[in-house]
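Below is one structure; the comments refer to it alone.
A note on names: the letters A, B, ... follow the listed sequences, proteins ahead of strands, and every chain is numbered from 1. Because only heavy atoms are used, hydrogens play no part in the values below, and waters and symmetry mates are left out as well, while side chains stay in.
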Amino acid sequence: MPELPEVETIKRGLTRLITGKHVSGVEFDTLKSFPNSMADVDNFLINSKITDVKRRGKALTIDLDTGYSLVIHLKMTGQLVYRADKVNFGAGHPTDSLINALPDKSTRVTINFTDGSRLYFNDQRKFGWMRLHPTVFVPDIEFFKKLGPEPLEKDFSWQDLKSRLASRQRTSIKAALLDQTVIAGVGNIYADESLWGAKIYPGTTVGALKDSDIKRLHASLINVLTLSIDRGGSTDRNYVNAEGKKGSYLEFANVFRRQNQPCPRCGTIIIKTRLAGRGTHYCPHCQVMKSALV
DNA sequence: CACTTGACCTGTCCGC
DNA sequence: TGCGGACAGGTCAAGT
């Protein structure tokens, strides 16, 4: 579910909501959601203070004053929702239907703070996880070591994108964008949206892209990711921010989930197909096929 | 190595 | 209304 803009939105919310809070207790259901030992939880999480919240790619890191960090990946359906109130409103409460019944059957982990507030980790499909890791060794986790550069870092240039793509010449540009070792944080929504913005057919072979194509793609990626963060991310199904609210970017999306609708640029009907194992949306008129796979 | 496919899970939607 | 199959925003392991 959450891609870079969604995780960034959650990160900003959590920074504001939980920094400085003290953990008083933790409940979790399965070892898959929280694969640390109870001893680790007791020694490094309980009674700890939250010192910082960070994002790298689609992963979150919550630093604690015990020298440990909570590393979190939400995968497809994970949610991190903070609630200050102690009262459960129950189903049907008008203020916030998405989170009014937390915890629910998708709640994997509940972190209680000393002031009575709570952080819920909900995950319908159970793909996501959170785990404790020594803070200084977080960068050594294999996922982070292999991760490509952050596309919204100021020094990320089109030449950087070109060099990251250099080892993926024979695959499609869509598959390359989804590969987190090429660049960090792009998922299915923003791959389709950025390729539409750059007028590149998603099945185009990376090796067939010219410098001018890569320049447009670089600009389009930054544009789309930045706009989505401004809109609070995309809610297709499950995504909510740290306060349980949906994002509005999909209202501004140009191709994603817009199959059978006219392209905003040229009016041609948008196609949905399957590429790199994923649903893929594009305009068959303005996203030109060059040397293409599929 | 580069590249593709299936598995991990639950829920929902669509066609019969 | 019921049932089977396809599909869903991500990553891995295992295959070619």
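Put simply, A:T171 has a side-chain N or O that comes within less than 4.0 Å of OP1 or OP2 on B:dT4. For C:dA8, one of the phosphate oxygens OP1 or OP2 lies less than 4.0 angstrom from a side-chain nitrogen or oxygen of A:R274. Taking side-chain N and O atoms only, A:K272 has a distance below 4.0 Å to OP1 or OP2 of C:dA8. At B:dG11, one or more side-chain N or O atoms of A:K105 fall inside 4.0 Å of OP1 or OP2 (strictly under the cut-off). Residue A:R168 has a polar side-chain atom (N or O) positioned under 4.0 Å from OP1 or OP2 of B:dC3.
C:dC7 sits 14 Å from B:dT5 when the P atoms are compared, rounded to a whole Å. Taking atom P in both B:dC9 and C:dC3, one finds a spacing of 24 Å when rounded to whole Å. Separating the C1' atom of B:dG11 from that of C:dC12 is a span of 23 Å, rounded to the nearest Å.
Among the nucleotides B:dC3, B:dT4, B:dT10, the one closest to the side chain of A:R170 is B:dC3.
Taking atom NZ of A:K126 as the reference point, atom P of B:dT10 lies 4 Å away to the nearest angstrom. The distance between atom CD1 of A:I183 and atom P of C:dG10, rounded to the nearest whole Å, is 13 Å. Rounded to whole Å, atom P of B:dA2 lies 11 Å from atom CZ of A:R164. Per the geometry, CG belonging to A:N238 stands 11 Å off C1' belonging to B:dT12, to the nearest Å. Taking atom CZ on A:R108 and atom C1' on B:dC8, their separation rounds to 13 Å, with Å as the unit. At whole-Å resolution of the value, CD in A:E142 and P in C:dG10 are 21 Å apart. Atoms CG (A:D236) and P (C:dG10) sit 10 Å apart, rounded to a whole Å. Rounded to a whole Å, the NE2 atom of A:H281 is 12 Å from the P atom of C:dC7.
Listed by first and then second residue, the ring pair (Phe, Tyr, Trp, His ring centres under 6.0 Å) pairs involving residues 147-183 of chain A are A:F156-A:H218 (not counting sequence neighbours). The ring pair (Phe, Tyr, Trp, His ring centres under 6.0 Å) contacts involving residues 240-285 of chain A comprise A:Y190-A:Y249, A:Y201-A:Y282, A:F256-A:H281, where partners must be two or more places apart or lie in separate chains.
A:K58 pairs by the side-chain hydrogen bond (donor to acceptor under 3.5 Å, both in side chains) definition with nothing, not counting sequence neighbours. Checked against side-chain hydrogen bond (donor to acceptor under 3.5 Å, both in side chains), A:D179 has the following partners two or more places apart in sequence or in another chain: A:R168, A:T181. Taking A:R16 as the reference, A:E243 meet the side chain to side chain contact (heavy atoms under 4.5 Å, CB included) condition, with sequence neighbours excluded. A:R164 is linked by a side-chain hydrogen bond (donor to acceptor under 3.5 Å, both in side chains) to nothing, counting only residues two or more places apart in sequence or in another chain.
You'll find the side chain of A:L209 reaches within 4.5 Å of the side chain of A:I173, heavy atoms only. The shortest side-chain heavy-atom distance between A:L178 and A:R278 falls under the 4.5 Å cut-off.
Looking only at atom types and distance, the side chain of A:S117 has a donor-acceptor partner in the side chain of A:Y82 under 3.5 Å away.
Using a 4.0 Å heavy-atom criterion, one finds that A:F256 contacts the sugar-phosphate atoms exclusively. Across all strands, A:N188 comes closer than 4.0 Å only to sugar-phosphate atoms, never to a base (heavy-atom distances). Residue contacts for A:G128: at a heavy-atom cut-off of 4.0 Å it reaches no nucleic acid atom on any strand shown. Among the protein residues, A:S167 comes within range of the sugar-phosphate backbone only, with heavy atoms under 4.0 Å from sugar or phosphate atoms but none that close to a base. Within 4.0 Å (heavy atoms only), A:R257 reaches sugar-phosphate atoms of the nucleic acid but no base atom.
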Toss me the dot-bracket line for DNA chain C: Watson-Crick and G-U wobble, both under 3.5 Å, 5' to 3', using | for pairs to another strand and [ ] for crossers.
.|||||||.|||||||
Using a 3.5 Å cut-off and no angle test, enumerate the donor-acceptor pairs between side-chain atoms of residues 126-148 of chain A and protein atoms at least two apart in sequence or in another chain.
from, atom 1, to, atom 2, distance (Å)
A:T135, OG1, A:G67, O, 3.1
A:T135, OG1, A:Y68, O, 3.2
A:T135, OG1, A:S69, OG, 2.7

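Within the model, atoms OG1 of A:T280 and CG of A:L195 stand 9.0 Å from one another, a figure rounded to the nearest 0.5 Å.
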Tell me, for nucleotides 11-16 of chain C in 5' to 3' order, what letter each nucleotide earns: B for a base near a protein heavy atom under 4.0 Å, S for only sugar-phosphate near one, - for neither?
SS----
